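The block underneath contains the structure these notes are about, expressed in structure tokens.
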Number of protein chains: 2
Amino acid sequence: MPEASAQRPAKRPTLADVARASGVSVALASIVLREAEGASEESRARVKQAAADLGYRPDSRARSLRSSRSRTLGLALALGEPLHAELADALYAEADANGFEIILGATGKHRDERRVLNTLIDAGVEAVIGVFPKLPASQLAQISKQLPVISLLRKVKGLPSLITDEAAGIDQLVSHLAQLGHTRLLHLDGGSAVAAKQRRDAFLASAAKADIEARVIAAGPDDATAFEVLRGYFEQTPPAERATAVVAFNDRAALGARQAIDLAGLAVPGQISVTGYDDSEFSRLAHADLTSVRQDVAALAQAAMQAALEAPGASSTHAPQIVVRGSTGRLMA
Amino acid sequence: MPEASAQRPAKRPTLADVARASGVSVALASIVLREAEGASEESRARVKQAAADLGYRPDSRARSLRSSRSRTLGLALALGEPLHAELADALYAEADANGFEIILGATGKHRDERRVLNTLIDAGVEAVIGVFPKLPASQLAQISKQLPVISLLRKVKGLPSLITDEAAGIDQLVSHLAQLGHTRLLHLDGGSAVAAKQRRDAFLASAAKADIEARVIAAGPDDATAFEVLRGYFEQTPPAERATAVVAFNDRAALGARQAIDLAGLAVPGQISVTGYDDSEFSRLAHADLTSVRQDVAALAQAAMQAALEAPGASSTHAPQIVVRGSTGRLMA
DNA sequence: AAGTTCTCCTAGAACGTTCTAGATATGGTG
DNA sequence: CACCATATCTAGAACGTTCTAGGAGAACTT
């Protein structure tokens, strides 16, 4: 049932319209609306009034085409990742503070990182901030010759990279578990996900330092894989030899782990503890109530914005903070 | 240390560069690269070769500025909503099929819908597809005089709107529960969220039709509110008078409901059933295992794309499908 | 009185495309 | 041979901005 709606274009007002309406030249109107120097208070008022009356909004295509100052940033991330959503929100706030706009590009089943990057660049952004789990560093470096590219959550050689001190985060988890008396830990690793290698290595190092038996099983960043992998582990490992705590790659994987634990009929945390990572909404679900690690989203966002604005943006590493909830505790004898 | 700005000069090649390299005019180069008529096979080959050699990519700002055909669509949605992520993914696929690019704008704590819309429009998109829970229809209609605006999930007067038949979805849930023998239902409504009113009305209508006792409590689209509200309900309602099934506004709210149910010590589905809506990843979490309603994301996306491309886009309503899982069942006597 | 320096303003050239109108060559037709 | 149609190409004007160069006065110097 085709239902007629919008009629044909009511052309949007241009700078020339504003200039005509306020009786000044286009150039002067431009000066006023850019808040640049060189206009009298009187013309300022007149032009602004006319702009407001007409509902004028500058055309960012024309603006950026001419000035290469679009005051627009590209943000590339994955939809459906709670952490990415938090980062985006924080970056929006930063952008506001700096007078920038942000447009997003999402990676997903039907869009690879390269493609998303191209779309953003073609749209004329001044810089791109993004989470690039897979794109080779060489390609990123290549692109960064054209415009600043800032990597979030992953250390990329040749690019300003804003990351969390994964070793510190994992160490907080391992120490917490050690303190609770755990002596045999299992890590479900994140596969090719961003930061997976760092967390795995940190896990082994922290465990060794604390003189704790540690094992790593290859999994992935999703709950389904974590579930399958941990179920297999329970099937193949006699109860007496099982780890007493599972350190999952992230909250989502921890949820999958929790599922396998429930299936095995083990009590949390009485018989086994489980930890997540990211302190996302998943970790707060009552049933899961995951002990997790909170990344400093605000600091990451602020540093990313800074890196995007400054000439040769700087990398930095940010401290995470463990958040203890009900999924970890002492073993009940 | 702030001195390293020797990066800049990697200017990207322009159409003029391609033309020069292949010995033709800019106009002809444009014709070739647009696959337009009026170029010989020989020039076609030469120009394309030169473009490839130089790594030329058309500047979409200049292109859209001149032609008002940017072949770019704006998509406005909320980050962190699983359903929105699914829609975005489906729309990316549709865009591919139609040779369009998509740029995203996210609404959130720091960006209202109006602002997001403006950013996308200023970036020069040809049309905007979006989920607009709050923006008044009048404002949307106003904007749609400038360019096509398509509303997803919410029926907006004056705009092509692609929605799900909420009455049908809710009716499937209510019928399912009735068939299981439930005679007293409770609906946690979605407050001001998109489709909340439709689901509430449909709930009451379906219950009345099936001669089932029905009650609605005001809640919201989030799990925290649903939890609080349902906990209050349990506290104030004697066990004998309680509903035996809770129809939550969406999966997220159902999770909160489930939390309150656990707290009250009730067995699911033995003592009480609970349903979600959207068939999102939340519904698949093992502990929740929610009976839910799947919206036809692919059809919605396809219709939205169609509406964005055609002159006066058409509205349509799509059929949902119940997905039965373990959170609903007969009462155990 | 003639410079000099401000302040405020404007014309017109960019930016990288597409599009309109026309030029040039080629070939077919009467 | 003149004429027109077609196929291929190109110059130059848009699109809506910003930016560069400079102009007209008024207000200081000297």
Side-chain angles (χ1 to χ4, degrees), chain A residues 9 11-48 50-51 54-72 99 101 121-126 146-147, chain B residues 8-9 11-48 50-51 54-72 101 121-126 146-147:
Chain A
K11 259 197 46 185
R12 79 190 246 173
T14 146
L15 200 48
D17 297 328
V18 174
R20 198 172 317 116
S22 47
V24 302
S25 70
V26 171
L28 186 56
S30 171
I31 286 173
V32 170
L33 295 175
R34 269 180 293 134
E35 299 289 356
E37 305 221 313
S40 65
E41 276 316 315
E42 203 216 320
S43 339
R44 292 207 122 83
R46 275 231 308 282
V47 169
K48 281 177 176 170
L54 294 173
Y56 170 77
R57 311 204 80 241
D59 185 313
S60 75
R61 295 165 301 175
R63 169 175 288 186
S64 89
L65 183 57
R66 176 57 237 233
S67 66
S68 60
R69 295 288 313 178
S70 58
R71 296 203 80 78
T72 300
E101 283 298 340
I121 294 173
D122 292 349
V125 300
E126 284 186 36
Q146 262 185 43
L147 84 176
Chain B
R8 265 304 132 98
K11 253 196 54 177
R12 85 189 242 172
T14 147
L15 200 49
D17 297 328
V18 174
R20 198 172 316 116
S22 48
V24 302
S25 71
V26 170
L28 186 55
S30 170
I31 286 173
V32 170
L33 296 175
R34 266 180 296 136
E35 299 289 358
E37 304 223 310
S40 66
E41 277 315 315
E42 201 215 322
S43 334
R44 289 209 123 82
R46 275 229 311 280
V47 170
K48 280 177 176 170
L54 293 174
Y56 169 78
R57 311 203 80 241
D59 185 313
S60 74
R61 294 167 301 175
R63 168 174 286 186
S64 88
L65 184 58
R66 176 58 238 231
S67 65
S68 59
R69 295 287 316 177
S70 57
R71 299 204 78 78
T72 301
E101 284 297 342
I121 295 171
D122 292 348
V125 300
E126 284 186 36
Q146 262 184 44
L147 83 176

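Model, not experiment: these values are computed from the prediction. No hydrogens, no waters, no symmetry mates; every other heavy atom, side chains included, goes into these values.
For B:Asp122, the salt bridge (Lys or Arg N to Asp or Glu O under 4.0 Å) partners are A:Arg12, A:Arg57, not counting sequence neighbours. With sequence neighbours excluded, the residues forming a side-chain hydrogen bond (donor to acceptor under 3.5 Å, both in side chains) with B:Glu35 are B:Lys48, listed by chain and number. A search for salt bridge (Lys or Arg N to Asp or Glu O under 4.0 Å) contacts involving A:Glu41 returns nothing, not counting sequence neighbours. Remark: B:Arg46 pairs with B:Glu42 by the salt bridge (Lys or Arg N to Asp or Glu O under 4.0 Å) rule, at least two apart or across chains. With sequence neighbours left out, B:Thr72 forms a side-chain hydrogen bond (donor to acceptor under 3.5 Å, both in side chains) with no residue at all. Listed by chain and residue number, A:Arg111, A:Arg115 satisfy the salt bridge (Lys or Arg N to Asp or Glu O under 4.0 Å) test with B:Glu101 (two or more places apart in sequence, or in another chain). Contacts of A:Ala45 classified as side chain to side chain contact (heavy atoms under 4.5 Å, CB included), with partners at least two apart in sequence or in another chain: none.
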Enumerate all atom pairs, one protein N or O and one N or O from nucleotides 6-8 of chain D, separated by less than 3.5 Å.
none

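Here the range on DNA chain C touched by chain B, meaning any atom under 4.0 Å from one of its heavy atoms, is C:dG16 to C:dC19.
The nearest pair of heavy atoms linking B:Ser43 to B:Leu28 is CB-CD2, 4.1 Å. Of all non-hydrogen atoms in A:Ala29 and A:Val24, the two that sit nearest each other are N-CG2, 4.1 Å.
DNA chain C is contacted by no residue of residues 16-23 of chain A, taking any non-hydrogen atom closer than 4.0 Å.
Relative to the axis of its first five pairs, the axis of the last five pairs of the helix from C:dA1-D:dT30 to C:dG30-D:dC1 sits at 60°, rounded to 10 degrees.
Within 4.0 Å of B:Ser30, counting heavy atoms only, lies at least one base atom of the nucleic acid.
Residues A:Glu126 and A:Leu147 have side chains not in contact (no heavy-atom distance under 4.5 Å, counting atoms from C-beta outward). Using a 4.5 Å heavy-atom threshold, the side chains of A:Pro58 and A:Leu33 count as separate.
Comparing B:Arg44 and B:Ala62, the nucleotide of DNA chain D nearest to each residue sits closer to the 5' end for B:Arg44. Toward the 5′ end of DNA chain C lies the nearest nucleotide of B:Leu65, the other residue of the pair B:Leu65 and B:Arg34 mapping further downstream.
Pairs of residues two or more places apart, or lying in two chains, that qualify as salt bridge (charged side-chain N to carboxylate O under 4.0 Å, His left out) and include a residue from residues 15-34 of chain B are B:Asp17-B:Arg20.
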From CA spacing to verdict: side chain to side chain contact (heavy atoms under 4.5 Å, CB included), A:Thr14, A:Asp59: CA-CA 8 Å; A:Thr14 146; A:Asp59 185 313; over 6 Å; no
